[in-house]
Amino acid sequence: MKFFFPDSQDLVDPSFDFERERRSTTRKRQRDDLYAHEVFSTTPFDGLLVSKGIVDGYAALGSRYTLAQRHRLLRLGAPEFFRLENAPRKLAIMGDCGAFTYVKEEAPPYSIEEVLEFYGGCRFDYGISLDHVILLFKPEADLRSFDKTLVPPEVQARRNLTLELAERFLRKHKAGRYAFEPIGVAQGWSPLSYADSVKSLQKMGYRFIALGGMVPLKTPELLSCLTAINEVRKAGTQLHLLGISRTEHLKEFARLGITSCDSTSPLRQAFKDDKDNYYTPSGNYTALRIPQVEGNPKLQRLISSGKVSQDTARKLEKACLEAMKYFEAGRKSVEQVLAVLLEYERFYDSESKKSHEDAYRLTLTDAPWRKCHCEVCRELGYHVVLFRGAERNRRRGFHNIWTFYRQLESQLGRAKGSAA
């Protein structure tokens with residue numbers, strides 16, 4: 001099973017000084033900052049997933065690309081834009097439309113011609129057909145032999161439109177003789193509706209099919225859909241899970257025909273989750289929160305309103321950073337560091353009844369960064385578990401991707417660095 005890492009222009013600054021928290025004055029982001037595949041000696045994914053919706057900055061997600069970046073991607077093509085020549089091994093590039101960015105629209109905002117030109121012009125290896133995501137799961141419709149009367153007409157229309165677009169996409173792909181491999185999208189609201197979509201796509205001629213709209217599904221629901229799909233899947237048809245990893249079920253996914261997946265979860269959990277911020281093979285840890293006085297919006301609002309003192313905030317912030325430095329040097333105990341961290345937490349989050357005391361104690365006691373051999377942890381040391389600013393948080397996300405990929409290799413019995 002291959003893992004594709006979704007791009008959202010997450011780079012890190014190699015010049016960033018974590019002790020003084022300063023950058024090089026000559027740093028140029030696009031020229032000097034590093035992608036994840038440039039940070040590690042062995043790339044922790046098999047390819048990149050690039051979304052047209054993200055590149056264009058469509059709808060609520062906002063633009064992750066500046067206008068200059070967008071123009072550079074279209075002018076240079078993805079391999080040069082992402083500097084893939086710096087990757088330790090060859091990486092594939094998959095393109096999709098980013099259906100979640102326009103989920104509230106009645107129809108996709110792009111034409112098939114625009115999508116084909118985007119994929120072809122960017123020199124992608126794979127291109128996913130234009131689709132319209134379905135956010136309804138109604139398995140009871142299958143109890144009456146795929147009863148569509150239980151499903152709202154607008155939901156049925158989305159599935160029908162997705163299939164129509166897939167058929168036109170494949171036809172125009174062949175006529176245009178594009179170099180990338182086409183991938184059809186299956187949408188549905190139940191196991192049988194997904195299976196029916198896959199049957200239709202196979203009949204059109206697709207041998208690579210992406211399964212969309214499954215991110216909200218609970219694991220038993222997801223597995224029921226994959227089981228139904230596997231019953232109609234032809235030998236040789238490859239399946240890609242859009243937006244899903246779920247390491248504990250990788251073997252089952254592979255058994256049910258999944259040959260690739262993508263997910264931002266390992267990266268996003270580093271700074272979006274309340275507890276599972278730092279991955280290890282044996283379990284996840286909570287990062288130690290030391291908000292920047294000048295860089296944390298919530299803390300700045302408290303200071304501006306006069307509810308807390310800026311001088312006190314700075315003293316507590318400094319005390320936490322020093323405590324971690326002394327802890328790593330063996331000059332402070334777990335309980336001494338914990339006392340300072342919790343004092344700062346009560347200061348900046350006094351209204352919350354929740355405490356990270358137990359989670360922080362576990363992180364400090366186990367010190368998981370000392371046991372990790374990835375380049376991020378070897379370079380940063382304890383800084384990798386500090387929940388503080390984009391440079392630390394994003395690197396922790398890179399570490400999570402590295403750890404997830406090794407779990408994938410271990411569970412599926414793959415050789416390290418293999419793209420198989």
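Just so you know, these numbers come straight off a predicted model, no measurement behind them.
- Looking only at distances, a side-chain donor or acceptor of Ser352 sits under 3.5 Å from a matching main-chain atom of Lys354.
- Residues Tyr405 and Thr247 fail the side-chain proximity criterion, which asks for heavy atoms closer than 4.5 Å.
- Contact detail for Leu34 and Arg83: the closest heavy-atom pair is CA-NH2, 4.1 Å.
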- Given Ser41 and Glu375, is the side chain to side chain donor-acceptor pair (under 3.5 Å) satisfied, shown in steps? CA-CA 8 Å; Ser41 57; Glu375 282 85 348; 2.5 Å; yes
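- For Lys104, there are no side chain to side chain donor-acceptor pair (under 3.5 Å) partners at least two apart in sequence or on another chain.
- Taking the side chain as every heavy atom from C-beta outward, Pro44 and Phe398 never approach each other to under 4.5 Å.
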Check: residues 208-224 side-chain donor-acceptor pairs under 3.5 Å, at least two apart:
residue: Thr219; atom: OG1; partner: Arg246; partner atom: NH1; Å: 3.1
residue: Glu221; atom: OE1; partner: Lys218; partner atom: N; Å: 2.9
residue: Ser224; atom: OG; partner: Glu221; partner atom: O; Å: 2.6

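- A cation-pi arrangement is present between Lys52 and Phe118, with the terminal nitrogen or guanidinium carbon under 6.0 Å from the aromatic centre and inside a 45° cone about the axis.
- Under the 3.5 Å distance criterion, with hydrogens and angles disregarded, no donor-acceptor pair is assigned to the side chains of Ser200 and Ser197.
- Side chain of Ser51 to backbone of Gly53: a donor-acceptor contact under 3.5 angstrom is found.
- Ring geometry for His356 against Tyr360 counts as parallel: the plane angle stays under 30°, on a 0 to 90° scale with 60° as the upper cut.
- Formation of a donor-acceptor pair under 3.5 Å by the His399 side chain with backbone atoms of Arg394 is not found in this model.
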- Take His37 and Thr43 through the test side chain to side chain donor-acceptor pair (under 3.5 Å) and record every step on the way to the result. CA-CA 5 Å; His37 59 267; Thr43 309; over 6 Å; no
- Determine, step by step, whether Glu117 and Glu114 satisfy the side-chain contact (heavy atoms from CB on, under 4.5 Å) criterion, reporting the C-alpha distance in whole Å, the side-chain angles of both residues, the deciding distance to 0.1 Å, and the verdict. CA-CA 5 Å; Glu117 286 305 307; Glu114 287 174 323; 6.0 Å; no
- From CA spacing to verdict: ring pair (Phe, Tyr, Trp, His ring centres under 6.0 Å), Tyr126, Phe124: CA-CA 6 Å; Tyr126 305 97; Phe124 293 162; over 10 Å; no
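- Look at Arg370 and Glu328 and you find a salt bridge, because one of the NZ, NE, NH1 or NH2 atoms lies within 4.0 Å of a carboxylate O, short of that distance.
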- Stepwise side chain to side chain donor-acceptor pair (under 3.5 Å) test for Thr42 and Arg406: CA-CA 11 Å; Thr42 55; Arg406 265 139 192 80; 2.7 Å; yes
- Message: If you apply the rule ring pair (Phe, Tyr, Trp, His ring centres under 6.0 Å), what do you find for Tyr279 with Tyr285, and how did you get there?
- Response: CA-CA 7 Å; Tyr279 284 18; Tyr285 289 85; over 10 Å; no
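- Among residues two or more places apart in sequence or in another chain, the side chain to side chain donor-acceptor pair (under 3.5 Å) test is passed with Glu167 by none.
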- Task: Test side-chain contact (heavy atoms from CB on, under 4.5 Å) on Cys372 and Tyr278 and set out the steps.
- Result: CA-CA 11 Å; Cys372 181; Tyr278 181 91; 3.6 Å; yes
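- Taking the centre of each ring, His173 and Tyr119 stay at or above the 6.0 Å mark.
- At a threshold of 4.0 Å, the pair Arg268-Asp273 does not count as salt-bridged, since none of the basic side-chain nitrogens sits closer than that to a carboxylate oxygen.
- Arg158 and Val133 get closest at one heavy-atom pair: NH1-O, 2.7 Å.
- Ring geometry, Phe5 versus Phe3: the interplanar angle falls from 30° to 60°, so the pair is classed tilted.
- Here the closest non-hydrogen pair linking Leu226 and Leu241 is CD2-CD2, 4.3 Å.
- Asn284 places none of its side-chain heavy atoms less than 4.5 Å from the side chain of Asn277.
- Between the side chain of Glu231 and the backbone N or O of Ala195 there is no donor-acceptor pair closer than 3.5 Å.
- At distances below 3.5 Å, at least one donor-acceptor pair connects side-chain atoms of Thr365 with backbone N or O atoms of Arg361.
- Between Tyr348 and Tyr344, the angle of the ring planes goes over 60°, which puts this pair in the perpendicular group of the 30/60° scheme.
- For Arg395 (side chain) and Glu391 (main-chain N/O), a donor-acceptor pair under 3.5 Å exists by modelled atom type.
- Side-chain atoms of Gln336 come within 3.5 Å of backbone atoms of Ser333 as a donor-acceptor pair (strictly under, hydrogens ignored).
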- Task: Let me see the working for Gln202 and Thr237 under side chain to side chain donor-acceptor pair (under 3.5 Å), right down to the final yes or no.
- Result: CA-CA 8 Å; Gln202 289 180 138; Thr237 297; 2.9 Å; yes
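- For Asn296 (side chain) and Lys298 (main-chain N/O), a donor-acceptor pair under 3.5 Å exists by modelled atom type.
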- Message: Run the ring pair (Phe, Tyr, Trp, His ring centres under 6.0 Å) test on Phe387 and Phe271 for me, step by step, so that the C-alpha distance in whole Å, both residues' side-chain angles and the decisive distance to 0.1 Å come before the verdict.
- Response: CA-CA 7 Å; Phe387 200 119; Phe271 49 87; 7.5 Å; no
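- Judged by distance alone, with hydrogens and angles left aside, the side-chain atoms of Thr162 form a donor-acceptor pair with the main-chain N or O of His132 at under 3.5 Å.
- Between Phe327 and Tyr382, the distance separating the two ring centers is not shorter than 6.0 angstrom.
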- Task: Show your working on salt bridge (Lys or Arg N to Asp or Glu O under 4.0 Å) between Arg392 and Glu21 and close with a plain yes or no.
- Result: CA-CA 10 Å; Arg392 289 181 179 84; Glu21 302 202 328; 2.8 Å; yes
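- Checking side-chain atoms of Ser8 against main-chain N and O of Asp10 turns up no donor-acceptor pair under 3.5 Å.
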